[in-house]
Every structure is written in C-alpha cells, then in structure tokens.
Engineer: 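First, the structure itself, so that you have it in front of you.
Throughout, a chain's letter reflects where its sequence line sits, starting with A, and its residues are numbered from 1. The structure presented is a predicted model; accordingly, all values stated were derived computationally and were not measured.
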Amino acid sequence: MEDRIYTIAGKKIAGQSINPEEKVLFSKWIEQEGNREIYTEMSQAWEITGVLEKQIRPDLDVEWERFKTLRNQQHGSAIRRHRSFYFSVAASIVLLLGLFFTYKTFIQDKEIEILAVGTKRQIQLPDGSLIWLNENSSIKYPSDFGKENRKIKFSGEAWFNVAKSEVPFEIYSPNEIVTKVLGTKFNLRTFKDEVNAELSVFEGKVSFGKENDLTKKVYTKNYEVIINTVNSKITEKEMVNANALSWRTEKLEFDNVQMTKVVLDLERYFGIKITVPPNTDSLFYTGRFSGPQLEEVADIMDLTFGWNHKIENRQLNFMFTY
Amino acid sequence: MSEDEFEKLFKSHFAFLSNIAYAVVKDEDSAKDIAQQVFIKLWEKRMELKIRSNIKAYLHRAVVNTAINYIEKNKKIFYDNSKEVFDEVGESFDLDSLSSEFIDKKVRVSIEKLPPKCQVVFSLSRFSGMSNKEIAEEMNISLKAVEKHIGNALKHLRISLKPLYKSLIGLIIFFFGVGFFQFILSFIK
C-alpha cells in the first residue's frame, strides 16, 4: 500500500496525471498525520535534484575527429589481430618446413640410388670403383660411402671393377646374397626374380654366398659360381662361358656349345624367349658374333641347322623346314 | 552509407545523444564516450543494418542501454538503507558550506545510491525529457514499473536529501531559480 502511494505521489510530483482511483487513494493518504510533510519533502527532493540538470555542449568537429581516431584504432586492432594470426600461422609453417629440411639434410641418412632402366649405365663410386650396370639393374649407396665402409645395395646384373682398399667392398643383393671383395673385377648377376645368383670372377678374390652362410667361400680368377637362392645349392666351375660378359662386350662366342646353353645365352643377350625344334638339345654349335643383331643370328642358325624362324611377340621360334 | 553521409548523421545527433547519456551518468566525459561508442558500433554495422526509417530512435535506445551498462558496471556506492548521505562527522550546514559544489556533490551521491534501474529511470525521467512511456519502451519494462521506480527514488531521496532542504532560504531561492530556468528551457526546446 505504501509503495502504491509513493508511486502516485511520484506521478504527481513529476507532473503526470493520475486516474480517479489514484486520486481517491492519495487524498485519503495525505489527510493522515505526517503524510503531508512526507509529500512536501518528496517534492523538494525532486526540485533539488534539478541542480544536476545540465546540458552539455560537445564540440562536434572535435568529436568527429575523435570518432575517426577511435574507429581507426578499432579497425587497426582488428587487422592487427588478423594479421598477427596469419603471420604466426605462416611463421609456424616456415619453421616446420625448416625443421623438416634440416632433418632431411643432416639427420636422415642420405642414400644415392642409381638405376639403369631401359639402358646400360656406367658409374663411378666415390672410392673410384667402376660399375657397369646392365639394363633393369640398380645400386644404392649411402652418401658417406667409401671412408669407413663400402656397402652398396644391388639388384640386377653388373660388371664390377672394385678399387683396391683396406675397406671391404660389400654388395647386398636380393635373396640375401652377399658379395665381398677388397679390390677385384667380377661380374655379378643377382635379380630378385631369378632363382640363380651368378658370379664370374675375372681377377682378385671374391667372397660370395648367402648372408647367413658361414661357410661362404672365396672365389678366384676364372671361377663361375651359381647359387640357387631357393635351395642354397652352390655350383662352381671354372669359367668356360665367354658369353657371361656379352652384354658388355657385345660379342657372342660359341665354341662347340650345347644348344640349351646357346639358347640361354641368346635369350639373355637379346632379352627374348627362344624356342627350338624338338629334340635338338644335344646339338652343338660353334660361331662368333660381333655386335650381333637378332635377325642375323637367327638366319645363321637357320642356315646351320636347316631351320626356319619366326619372330613375333618378343619370341623367336625356330622350326624345321619342311 | 558513405563516410560523408555518416559524418552528417554523426554531427546532427551527437549532442542530443550525449545529453541523454549525461542525464544518466552525470559525467560529461563519460557521456561523450558513451555517445562515441554508440556511433562506433553503428559504423561497424552500417552495412548490416537495414536502413532504418528511424535511426534516431535506434541510436537513442543504444545510448540508453550503454548508459545503463555503464551505471551497472561503475556502481561504486551501493544502496544501503541505513547509510545516510550526510554521514560525515563534523558536517555543518550553515550557509557558507552550502556552496553549489557541495549541493551538487550531495545530490549526485544521493542519486548514485539508488539501485541501478531505479537510478536510471529516475535520471531519465528527471533530466532527459523523455516521457515515462518512452522510458518504458527504451528499457523494455512496463509503464507501471517506470512509475514505481520514480516513486521509489523519491522515497529514498526524500530521506537522503532531507538535511539539505531542511534549512535555508538560499536554497529556496535556488529552487526557484532552477525551476524558472527549466521553465524557460521548456519553451526553447
């Protein structure tokens, strides 16, 4: 009730109109002892607060300039926040890249890989060793090759001319074949998908065998060794096959060689499959070719044995002339 | 809206808006800051805002709300029924001490002691020239609530300002002067 009266009194003092109901309530209240005084004090309070009634007169030009400054600050700090965010993102990326390349350059072992894909390649290793890579062969060696170790990974076929050194030259081939030399010349054929690993030594001494074979032997000049990587059988013989290096010398030499061997050497040299007429395995052939072409060789074979040949789909097929 | 258009808007409304703010906060610098804030916000939103037919009303409301926030944030004196404005020991009320600064200060303090909403409603009603209905709209409260606030304000101010007006003739003359001034002003507006 009291609050209602104050509200009504407030309306009156503030100069607002009051409804009839409010009028009645008010008149009743003000007639009571002491209420008139309260009402007067309220009016006076209202009046005296008037001392604070004041209008300020801002300088509009000054305020406009101030506005522009404030606006640019706001904008600037937003941009600065934006920019500094993008900047820190960019900086982080640069840092990460830097770390990555530092790692790659200094920390990660660098390996040099050389591939001979559709061609033969001759390379020289840092220690002066020479390698002639046959087609589809590859070697890999660490960037610090030569000083404390001479280890290379090798697959395929290559002629090695290893520089003499106290540091052993080690070749790690597929199928766990390991070849070690100090300084020598030899031919090594170790393809992953070939059952046989073959070594032909021309000079020096070569240790050759399966990695975990403790009875590995050292082979010397003119030895040809074949290791069956599946059953680990080792076949050694003195080098008779002059054609082991045909791929490098580009000479084919057959001195009374059995047909099966002839076919094998030709297949290897020309990289194609060759078939011969049935029951010709026991035939022997003698002949020499220098820089031979497939047709040329086939023609001579035809002549020698009375055969005909057809070359199709990378296959050379000999047949009897009828 | 171009910068030129904005400048025009700014200059035509700034004084009015800062006086609304001043009515509530009773500090000139703060009042101008509030008005600036409102214009900064308007500038930032100038693309988003659909062109309101009544920007003035929008700005008006924004200023009132910002001023209310200001009061609520800066409320240093909290309403305490028991405490009186004239608590200080040795306060005398003879004529000499009733300088306008003294009165000014005491009145300010009394108003600041009011609860925030009450203070704002009272100030707007007393100093801004807004009608109770307008105040109710701006503050999103009922008309009745506005009237209640005013009544409540006077209820407390009556007590806290009692010593001031209990005394002197000078004050009465002052009242008249103030009242007369208001009277004249109401015609100029």
Engineer: With a 4.5 angstrom heavy-atom cut-off, could you sort out which part of A:Ile38 is near chain B: side chain, backbone, both or neither?
Structural biologist: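 Both backbone and side chain.
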Engineer: Using a 6.0 Å cut-off, check whether atom NZ of A:Lys68 has over 12 heavy atoms from anything other than its own residue.
Structural biologist: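 Yes - once you tally the heavy atoms of other residues, nucleotides and ligands closer than 6.0 Å, there are more than 12.
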Engineer: Is it true that a side-chain atom of B:Lys26 and a backbone atom of A:Leu52 form a donor plus acceptor pair closer than 3.5 Å?
Structural biologist: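 Pair found, side chain donor or acceptor close to backbone of A:Leu52.
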Engineer: A:Pro58 and B:Ala15: which non-hydrogen atoms are nearest, and at how many Å?
Structural biologist: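 What the structure gives for the nearest pair is CG-CA, 3.9 Å.
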Engineer: Measure across B:Lys32 and A:Ile56 and return the closest heavy-atom pair with its distance rounded to 0.1 Å.
Structural biologist: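 For B:Lys32 and A:Ile56, the tightest heavy-atom pair comes out as CG-CD1, 4.2 Å.
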Engineer: Without swapping roles, check the side chain of B:Gln36 against the backbone of A:Glu63 for a donor-acceptor pair under 3.5 Å.
Structural biologist: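 Here the side-chain-to-backbone pair exists.
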Engineer: What distance do B:Asn19 atom CG and A:Arg57 atom CZ have between them, rounded to the nearest 0.5 Å?
Structural biologist: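 Here the interatomic distance stands at 8.0 Å.
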Engineer: State the CZ-CD distance between A:Phe67 and B:Glu7, to the nearest 0.5 angstrom.
Structural biologist: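 Taking CZ in A:Phe67 and CD in B:Glu7, the distance rounds to 10.0 Å.
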Engineer: Roughly how far, to the nearest 0.5 Å, is CD of A:Glu37 from CZ of B:Arg158?
Structural biologist: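 Answer rounded to 0.5 Å: 8.0 Å.
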Engineer: If you count every heavy atom of other residues, nucleotides or ligands that lies below 6.0 Å from A:Gln32 atom CD, does the total exceed 12?
Structural biologist: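 Yes, enclosed.
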Engineer: Name the region of B:Gln37, side chain, backbone, both or neither, that has any atom closer than 4.5 Å to a heavy atom of chain A.
Structural biologist: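 B:Gln37 has no heavy atom closer than 4.5 Å to chain A.
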Engineer: Using non-hydrogen atoms and a 4.5 Å limit, figure out which bit of B:Ala23 sits close to chain A: side chain, backbone, both or neither.
Structural biologist: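 The answer is neither part of B:Ala23.
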Engineer: Distance from B:Asp104 atom CG to A:Lys54 atom NZ, nearest 0.5 Å?
Structural biologist: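 Rounded to the nearest 0.5 Å, the CG-NZ separation comes to 8.0 Å.
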Engineer: With no hydrogens and no angle check, is any side-chain donor or acceptor of B:Arg126 less than 3.5 Å from a backbone partner on A:Trp46?
Structural biologist: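 A pair under 3.5 Å: yes.
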Engineer: Please determine whether the number of non-hydrogen atoms from other residues, nucleotides or ligands lying under 6.0 Å from atom CG of A:Asn212 exceeds 12.
Structural biologist: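 Yes, CG of A:Asn212 has more than 12 neighbouring heavy atoms, counting only those of other groups under 6.0 Å.
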Engineer: Using non-hydrogen atoms and a 4.5 Å limit, figure out which bit of B:Asp33 sits close to chain A: side chain, backbone, both or neither.
Structural biologist: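 Interface part for B:Asp33: both.
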Engineer: A:Trp64 and ring pair (Phe, Tyr, Trp, His ring centres under 6.0 Å): which single residue from B:Phe39, B:Phe10, B:Phe14 fits?
Structural biologist: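 Of the listed residues B:Phe39, B:Phe10, B:Phe14, the ring pair (Phe, Tyr, Trp, His ring centres under 6.0 Å) partner of A:Trp64 is B:Phe10.
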Engineer: From B:Glu28 CD over to A:Gln55 CD, what is the distance, rounded to the nearest 0.5 angstrom?
Structural biologist: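 Result: 11.0 Å between the selected atoms.
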Engineer: Locate the shortest heavy-atom distance separating A:Ile48 from B:Val107; write the atom from each residue and the value.
Structural biologist: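 Shortest heavy-atom contact: O-CG2, 3.9 Å.
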Engineer: Do you know which two heavy atoms are closest between B:Lys11 and A:Leu60, and how far apart they sit?
Structural biologist: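 In terms of heavy atoms, the two residues are closest at O-CD1, 3.2 Å.
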Engineer: Calculate, to the nearest 0.5 Å, the distance between atoms CD1 and CD belonging to B:Ile150 and A:Gln16 respectively.
Structural biologist: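 That separation rounds to 6.0 Å.
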Engineer: What are the two closest non-hydrogen atoms of B:Phe122 and A:Thr49, and how far apart are they?
Structural biologist: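 For B:Phe122 and A:Thr49, the tightest heavy-atom pair comes out as CZ-OG1, 3.8 Å.
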Engineer: Specify the closest pair of heavy atoms between B:Lys155 and A:Asp3, including all atoms of both residues, with the distance to one decimal.
Structural biologist: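 For B:Lys155 and A:Asp3, the tightest heavy-atom pair comes out as NZ-OD1, 3.6 Å.
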Engineer: Taking NZ, NE, NH1 and NH2 as the nitrogens, is one of them in B:Glu3 or A:Arg71 under 4.0 Å from a carboxylate oxygen of the other?
Structural biologist: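 Yes, B:Glu3 and A:Arg71 are salt-bridged.
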